[in-house]
Amino acid sequence: MTPFLRLRQICLVADAIEPAASQIAAILGLNICYRDPHVGKYGLENVLIPVDTTLLEIVAPIEDGTAAGRFLEKTGGRGGYMAIFCCDDPDARGRHAATLGVRTANVIDHAPYHGVQLHPRDCRAAFIELNHTDGSDNIKGPYPPAGPDWDKAIRTDTTQALVSVELQSPDPAALAAHWGRILELPVQAGADGVAELQLPNATLRFVRGDNEAMAALSFKVADANEIREAAKAQGVATTSDGFHLAGVEFRLTD
């Protein structure tokens, strides 16, 4: 199998699923495709929202003592939770991460889906998950975490793509190098000099910040002003180029 790596999913954490999930869907003109019953065993509930072929997930704790709940307490609700990548061989990539001192925190095996979650403390800034679904060579093919026929929920008339993920650190070059080693990708300099990792469908950007966190998501949209007005109508705080919700900044480019 030819090695590949794509950004498959971003996971954000909220204190409660609502109103965050409905607000994100309404503001960005997207559809909720699935609520995964399997996350209940982790004391969570969730929703999945496709942004073209990348999934945006929001999870919320429904029990005390969950990892997501501890994340909210530790970060004060700031920062994204997980960056999830589909690849050819999650186990091999997990073994490679182990050679770098990055532990495997959890293995999910729900055939035909197999996922390896790396320890967030070792990854820094956010969880990294690597997964593969047997028989899903088509990017719009089966992907069990998003439910059956998830691709039928795709809408691109308002929001067209998730184009970049921004991770911050007091030493962004070191964080970029660390993630580059884990993901086996070369660090490149963006047009603005920011350290980047390039994936076929998105860019990971590493910027300076007071702490290590997934700070922002950037989206290609049809009309950024229209989306900001939709955010205001939902009572969501806006910025000059987007809005804040579920711990991160949503940035819009048209």
Side-chain angles (χ1 to χ4, degrees), residues 6-14 17-35 46-59 77-86 126 139-140 143 145-147 149-168 188 190-194 196-207 209 213-254:
R6 289 177 62 92
L7 180 65
R8 193 53 156 139
Q9 189 173 324
I10 290 293
C11 179
L12 307 177
V13 181
I17 283 292
E18 296 298 346
S22 295
Q23 286 176 329
I24 289 172
I27 293 166
L28 294 176
L30 300 171
N31 294 323
I32 292 172
C33 67
Y34 193 52
R35 300 173 189 266
N46 79 341
V47 299
L48 276 294
I49 302 170
V51 186
D52 194 17
T53 56
T54 305
L55 278 300
L56 183 60
E57 179 184 13
I58 301 96
V59 302
R78 293 185 296 275
Y81 190 44
M82 297 181 72
I84 299 171
F85 304 88
C86 59
I139 196 63
K140 289 187 178 180
Y143 184 62
D149 301 321
W150 65 272
D151 59 304
K152 291 182 171 57
I154 293 173
R155 277 185 59 188
T156 57
D157 54 310
T158 301
T159 299
Q160 296 154 358
L162 171 57
V163 293
S164 71
V165 179
E166 187 174 283
L167 298 115
Q168 68 176 34
Q188 302 177 32
D192 55 0
V194 168
E196 296 181 347
L197 301 179
Q198 295 285 345
L199 294 149
N201 62 330
T203 302
L204 305 181
R205 290 171 47 83
F206 298 83
V207 303
M214 183 194 299
L217 307 175
S218 294
F219 298 83
K220 187 177 187 304
V221 301
D223 188 326
N225 287 330
E226 184 178 288
I227 291 177
R228 277 195 297 272
E229 289 304 312
K232 290 177 184 176
Q234 290 285 331
V236 171
T238 59
T239 66
S240 60
D241 56 2
F243 60 93
H244 283 282
L245 197 57
V248 299
E249 183 178 349
F250 288 70
R251 294 185 183 149
L252 313 169
T253 57
D254 50 20

For residues [X] and [Y], determine if any side-chain heavy atom of one lies less than 4.5 Å from a side-chain heavy atom of the other.
{"X": "Trp150", "Y": "Leu48", "answer": "no"}
{"X": "Phe250", "Y": "Thr159", "answer": "no"}
{"X": "Asn225", "Y": "Asp254", "answer": "no"}
{"X": "Leu12", "Y": "Leu56", "answer": "yes"}
{"X": "Glu249", "Y": "Asp241", "answer": "yes"}
{"X": "Ile227", "Y": "Leu28", "answer": "yes"}

Donor-acceptor pair, distance only, cut-off 3.5 Å: does the side chain of [X] make one with the backbone of [Y]?
{"X": "Glu18", "Y": "Ser22", "answer": "yes"}
{"X": "Arg155", "Y": "Gly29", "answer": "yes"}
{"X": "Gln23", "Y": "Gln234", "answer": "yes"}
{"X": "Asn31", "Y": "Ala153", "answer": "yes"}
{"X": "Thr253", "Y": "Phe219", "answer": "yes"}
{"X": "Arg8", "Y": "Leu55", "answer": "no"}

About how many Å separate [atom2] of [Y] and [atom1] of [X], when rounded to the nearest 0.5 Å?
{"X": "Leu7", "Y": "Thr53", "atom1": "CG", "atom2": "OG1", "result": "9.0 Å"}
{"X": "Phe206", "Y": "Leu167", "atom1": "CZ", "atom2": "CG", "result": "5.0 Å"}
{"X": "Ser218", "Y": "Arg251", "atom1": "OG", "atom2": "CZ", "result": "5.5 Å"}
{"X": "Thr54", "Y": "Asn201", "atom1": "OG1", "atom2": "CG", "result": "4.5 Å"}
{"X": "Ile139", "Y": "Cys86", "atom1": "CD1", "atom2": "SG", "result": "4.5 Å"}
{"X": "Leu217", "Y": "Ser164", "atom1": "CG", "atom2": "OG", "result": "8.0 Å"}

Which pair of non-hydrogen atoms, one from [X] and one from [Y], has the smallest distance, and what is that distance?
{"X": "Val59", "Y": "Tyr81", "answer": "CG2-CD2, 4.4 Å"}
{"X": "Gly79", "Y": "Ala213", "answer": "CA-CB, 4.4 Å"}
{"X": "Tyr143", "Y": "Gln9", "answer": "OH-OE1, 2.8 Å"}
{"X": "Met214", "Y": "Ala126", "answer": "CE-CB, 3.9 Å"}
{"X": "Ala20", "Y": "Ala14", "answer": "CB-CB, 4.1 Å"}
{"X": "Arg205", "Y": "Asp192", "answer": "NH2-OD2, 2.8 Å"}

For this session: Check step by step if salt bridge (Lys or Arg N to Asp or Glu O under 4.0 Å) holds for Lys220 and Asp52.
Result: CA-CA 11 Å; Lys220 187 177 187 304; Asp52 194 17; over 6 Å; no
Problem set entry | Candidates Glu166, Gln198, Gln188 - the one meeting side chain to side chain contact (heavy atoms under 4.5 Å, CB included) with Thr203 |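 Testing Thr203 for a side chain to side chain contact (heavy atoms under 4.5 Å, CB included) against Glu166, Gln198, Gln188 leaves exactly one candidate, Gln198.
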Problem set entry | Stepwise side-chain contact (heavy atoms from CB on, under 4.5 Å) test for Arg6 and Leu199 | CA-CA 6 Å; Arg6 289 177 62 92; Leu199 294 149; 6.0 Å; no
